[in-house]
Amino acid sequence: MERQALVIALIGFLGIGAQWVAWRTGWPAIALMLVAGVVAGPVTGLIVPAQTFGNLLEPIVSIAVALILFEGGLSLNFRELRRTDGAVTRLLILGVPIGWVLGALACYYVGGLVWPVAILFAGIMVVTGPTVVLPLLRQNNIAARPRAILKWEAIVNDPIGALCGVVTYEYLRRVGEGGTLASVAVSLLAASVIAGLIGWLSARAVGWAFPRGHVPEYLKAPVLLVSVIGAFVISNLIQQETGLLAVTVMGVALANMQLDSLRDIHPFKENVTVLLISGVFVLLSASLNLEVLRLFEWRFLAFLAALLFVVRPLTVLLSLAFTRVPWNERLLVAWIAPRGIVAVAISGLFALRLDHLGYNDGSILVTLSFSVVVATIGAHGFSIGPVARLLKVTGATERGLLIVGSTSWSLALAAQLRQLDVPVTVCDTSWQRLAPARHARIPTYHGEILAEATEDRLDLSQFEVMAATTDNEAYNTLVCNEFAPEVGRDNVYQLGSGSDEEDVRALPASLRGRALFESGHGVEEIVERERQGWIFRKTRVTEQFDFGAVKADLPDEADMLLLVRKGGGLRFFSHASRPTPQAGDTIISYVPPGDTSGRERAGESR
């Protein structure tokens, strides 16, 4: 018991630790988790999953993959699908059979597998694992359309790849009993339809019960988790591996029902998914048997090269031929196809079953599948960023500031930042209030930032920081609280309350964004200072005129607002954050009228 608890704790530490190191270094998280699992498993023997979990290992991994696919399905909104210009549909309808055929040819002629095993393995390899693709997309700045294509393909293809393997295995199993491919296909198609209905009905049940108050708030997340596991298990009882299809359908159906309850649950689901991806990947890599790797043959290297440089590119380029997707985006999608948990788990499952059917090549499926996973994670994980930049399919290269609320104060701030070549966009619901910004050639967004349509019309990934500066403190708080999970709690700011936090009438600090200015000036104070003629002042920090000199040069009542790094990054001065300027950085301060001290010496401009 103590041994199991220690192993579980170690798995969590290694998985989350790898994710943290990836965040700090920019290295692919999946590659780090793979290395951590191999070191903790076959190299040192600290984690031996088969001994620790026994027969529970397979159901643990299966349920974890089901939850990961469900959470991925929750992010698949049909509005995003429309932005892919039909690419995802073509990759499913054309790409799966093309990839299956080309993969089978590579397995047989290059990998040396017998035809039945080659066809089964090629069916499994049509997947691109969401457990790998989603972390890669989270870490890298990819343009909206190829990002959507890769995300949709990874999540929707996962159950399809499993079903391709099932079709082949069931045919091989039944052919000796007089079964035909048509009969196998019909029975599996019926099981898949039933699994899809189970997922859809589960989603409808949740969508009916949650808004009507039949489930209390504190039970909504647990009920949802149990419903997902139930749909997965019931579908698998009908036909093995159809559970993945059921949970994917359930997630996509819920994502497009626009349930308010899911907005509160979604952060919890994301946290659970990060834990599951970390844990399962460490578990599977720790399960690798180094003895099995000795079965690796040099011809497999040629197979891996064919898979990376022939099968995947041809599959994507043929599928997306004559579409409106630009060539540079097609090439990125054609290159990025890492395999993950499902490919390894299903290959291991069918390896045992093929051995029982008398196909000796089944024993090398685990070796080959893990080789594919390692090769694709290494090749695609480390190259996705450079390739995206080379093909010019990245998002905004310089991330800037989104200002919510067009006021004279916020427009003056935007003008200062524009002079420093910092990207700024001002958002407001009033076309008239945005007129001065348009006249000053400041980029604007006309619309309600909290509206659902904003997700389609405004790419938030181009912004490093958000500042809510309207004259309504409650609205500023609502905006910050809404976007904190997406932009980052440390990157959402608003004009302070202007009142004591102990005041029972004040909004709680846990809801508000970080206060602009260390002193936390409120809306009324800013309005009063504007009436008095306060202005923004820029000061460049140099080796001779350091931060101490800048502070000494400012009037006593002046406030430093933000720091523009030499590389373009933004850091605000607040009660919780006091960045340390370096030579080459520029400080923007808010100063009283008539202040001219030090401007010439510091090389400033208004």
Side-chain angles (χ1 to χ4, degrees), residues 91-129 153 157-158 160-176 179-185 188 241 292-319 334-335 337-340 342-377 379-380:
L91 285 174
L92 294 179
I93 296 176
L94 299 177
V96 169
I98 291 173
W100 196 355
V101 171
L102 293 177
L105 293 173
C107 288
Y108 179 76
Y109 288 107
V110 183
L113 301 179
V114 296
W115 270 119
V117 178
I119 294 172
L120 184 145
F121 187 64
I124 298 172
M125 286 296 109
V126 301
V127 305
T128 55
E153 183 196 18
N157 258 14
D158 233 29
I160 292 177
L163 291 176
C164 289
V166 172
V167 167
T168 307
Y169 171 76
E170 288 297 321
Y171 172 73
L172 295 176
R173 186 177 67 84
R174 298 183 193 182
V175 69
T180 63
L181 180 60
S183 64
V184 171
L188 286 177
E241 308 305 334
V292 175
L293 288 181
R294 294 179 181 175
L295 297 174
F296 188 88
E297 302 177 19
W298 287 107
R299 61 180 177 175
F300 293 166
L301 290 176
F303 167 73
L304 293 174
L307 195 66
L308 266 66
F309 299 105
V310 179
V311 175
R312 172 64 178 182
L314 277 179
T315 298
V316 172
L317 295 179
L318 289 174
S319 300
W335 171 241
R339 276 65 169 188
V342 172
V344 175
I346 295 178
S347 297
L349 178 65
F350 284 123
L352 297 175
R353 295 178 180 178
L354 287 172
D355 284 342
H356 295 157
L357 292 179
Y359 293 98
N360 294 330
D361 279 1
S363 59
I364 65 174
L365 281 191
V366 175
T367 303
L368 201 54
S369 63
F370 221 96
S371 301
V372 170
V373 170
V374 172
T376 54
I377 286 176
H380 302 146

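It should be emphasised that the depicted structure is a prediction, and the values quoted were computed from it without experimental measurement.
Closest approach of Val96 and Cys164 over heavy atoms only: CG1-SG, 4.1 Å. Listed here is the closest heavy atom pair of Ala118 and Cys107: CB-CB, 3.5 Å. For the pair Leu172 and Pro116, the tightest heavy-atom approach, listed with the atom from each and the gap, is CD2-CB, 3.6 Å.
Interatomic distance, Leu92 CG to Ser319 OG, rounded to the nearest 0.5 Å: 9.5 Å. The distance from atom CG of Leu102 to atom CE of Met125, rounded to the nearest 0.5 Å, is 15.0 Å. Taking CD1 from Ile119 and OH from Tyr108, the interatomic distance works out to 10.5 Å, rounded to the nearest 0.5 Å. Note that CG of Leu188 is 7.5 Å distant from CG of Leu163, once rounded to the nearest 0.5 Å. Atom CG of Leu113 sits about 10.5 Å away from atom CH2 of Trp115, to the nearest 0.5 Å.
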Under 3.5 Å, side-chain donor or acceptor atoms of residues 300-312 against the rest of the protein: list the pairs with distances, not counting sequence neighbours.
from, atom 1, to, atom 2, distance (Å)
Arg312, NE, Val333, O, 3.2
Arg312, NH1, Glu153, OE2, 2.8
Arg312, NH2, Glu153, OE1, 3.0
Arg312, NH2, Val333, O, 2.9
Arg312, NH2, Ile336, O, 3.2

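No donor-acceptor pair under 3.5 Å is formed between the side chain of Arg339 and the backbone N or O of Val373.
Between Ser369 and Ile124 the shortest side-chain heavy-atom distance does not fall below 4.5 Å.
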